[in-house]
Amino acid sequence: MSKPRVVLGVGGGIAAYKACELLRRLTESGHEVRVVPTASALRFVGAATWAALSGQPVATEVWDSVDEVPHVRIGKAADLVVVAPATADLLARAAHGLADDLLTNTLLTARCPVLFAPAMHTEMWEHPATRENVTTLRSRGAVVLEPASGRLTGADTGRGRLPEPAEIFDACRRLLARGAREPDLAGRHVVVSAGGTREPLDPVRYLGNRSSGKQGYALARTAAARGARVTLLAANTALPDPAGVDVVPVGTAVQLREALLKAATDADAVVMAAAVADFRPAVYAPAKIKKRDGQEPEPLALVRNPDILAEAAADRARPGQVVVGFAAETDDVLANGRAKLRRKGCDLLVVNEVGERRTFGAEDNEAVILGSDGSETPVPHGPKEALADAVWDLVAARLG
Ligand code: C5P
């Protein structure tokens, strides 16, 4: 089989040097990569570096090697075009269909999945012009990753960093695996919760659970790869931010509820993969609770937390919004799952059997997805991403 052909477009930003690592990952994992930098990208990293790392000729203008008509051939032959870093200028030119250099020509001739990994200063990312360009590109089916937050070029920090090369590489692989299929969640906004809530007792102690967040992160990554704008409500996770995803950290169930109600207002789907504490301490001690010699500890009084899933399902922020829950059951999995689906009022419930065989934080999962229409979709033992994709298949079908 021939190697998958990837075009790596490089925009003129300081993060261009990070594209070298992305290029290495792509070539070392068996992809044929043609690097198409913009003229300003070459001010940061020279053509010799791109040519040496890719083993392919490098050109920025359509006037180079005209006899081969590369501006048409490169785009048409590609299985994936990834642009990293995508500058504000490049996003604008792509959104408006300009074709004033080899990369923008390639973007117009490509008929394969296109992935943009933006990097720019926070102000440029947040400017309405850039927001509109990103919306336009997404509505046409391109996947535009959300930039990461953190240290920018100078001493400043904020949203605008290029997502980590390893994360961009993963997004590339997922898009290639999906092939030229339409990104079926393009133009959709999905909200996913992940991890486990922590309910504080005092400044140093909490009631928590062992949820790693891996299933929720897999849902977020796969939704982004299918073209969705993703908001990930991350409850106490220790996982790297998935590329292309807007991550909102939360701590307690009450905070998760607030963040969810806010994010869900314009969401097409809400997926509650987080393990939410059913109860929280009735009283929060503002100072550390002390043990006293000869004294028995006070019994711990608890109060109920809101059922966020049931509330989201009952008061849909938007007509047609699809609401998905997760349930872990130890016995009578399907019967208990069905009862829970009705109780919660959601459209889909992903039911896992838990017990000694299941370890929290595992890479794999196995489940049955129950539908409010009576459907049952078994998902065999496999990576959490496969289960995530099965959930999105059902969500996409419901969204029409
Ligand atoms: O009731 P149970 O905890 O088994 O339900 C699990 C599902 O409900 C998960 O989707 C979880 O995110 C959600 N849930 C919730 N609010 C709670 C408890 C659970 O949204 N207080």
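For ligands, and for the atoms within them, numbers begin at 1 and follow the listed sequence. What you are looking at is a predicted structure, and each value in this text was computed from that prediction instead of being measured. Residue numbers count from 1 along this sequence.
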*Steps toward side-chain contact (heavy atoms from CB on, under 4.5 Å) verdict (Val143, Leu145)*: CA-CA 6 Å; Val143 176; Leu145 302 181; 4.1 Å; yes
Which N or O atoms of ligand 1 sit under 3.5 Å from a protein N or O, and how far apart is each pair?
{"residue": "ligand 1", "atom": "1 (O)", "partner": "Lys344", "partner atom": "NZ", "Å": "3.0"}
{"residue": "ligand 1", "atom": "4 (O)", "partner": "Lys340", "partner atom": "NZ", "Å": "2.3"}
{"residue": "ligand 1", "atom": "5 (O)", "partner": "Lys344", "partner atom": "NZ", "Å": "3.1"}
{"residue": "ligand 1", "atom": "8 (O)", "partner": "Lys344", "partner atom": "NZ", "Å": "3.1"}
{"residue": "ligand 1", "atom": "10 (O)", "partner": "Met272", "partner atom": "O", "Å": "2.7"}
{"residue": "ligand 1", "atom": "10 (O)", "partner": "Phe326", "partner atom": "N", "Å": "2.9"}
{"residue": "ligand 1", "atom": "10 (O)", "partner": "Phe326", "partner atom": "O", "Å": "3.3"}
{"residue": "ligand 1", "atom": "12 (O)", "partner": "Met272", "partner atom": "O", "Å": "3.4"}
{"residue": "ligand 1", "atom": "12 (O)", "partner": "Ala274", "partner atom": "O", "Å": "2.7"}
{"residue": "ligand 1", "atom": "16 (N)", "partner": "Ile308", "partner atom": "N", "Å": "3.1"}
{"residue": "ligand 1", "atom": "20 (O)", "partner": "Ile308", "partner atom": "N", "Å": "3.3"}
{"residue": "ligand 1", "atom": "20 (O)", "partner": "Leu309", "partner atom": "N", "Å": "2.7"}
{"residue": "ligand 1", "atom": "21 (N)", "partner": "Pro306", "partner atom": "O", "Å": "2.9"}

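- Connectivity analysis of hydrophobic side chains (ILVMFWY, heavy atoms under 4.5 Å, direct or indirect) links Val270 to Val191, Leu233, Val248, Val250, Leu256, Leu260, Met272, Val276, Ile308, Leu309, Val323.
- No donor-acceptor distance shorter than 3.5 angstrom exists from the side chain of Glu199 to the backbone of Leu207, with no hydrogens or angles considered.
- Between the side chains of Thr130 and Asn133, no donor-acceptor pair is found at a separation under 3.5 Å.
- With Thr330 contributing its side chain and Val354 its backbone, the two residues share no donor-acceptor pair below 3.5 Å.
- With Glu146 as the fixed residue, the salt bridge (Lys or Arg N to Asp or Glu O under 4.0 Å) test singles out one of Arg138, Arg229, Arg161: Arg138.
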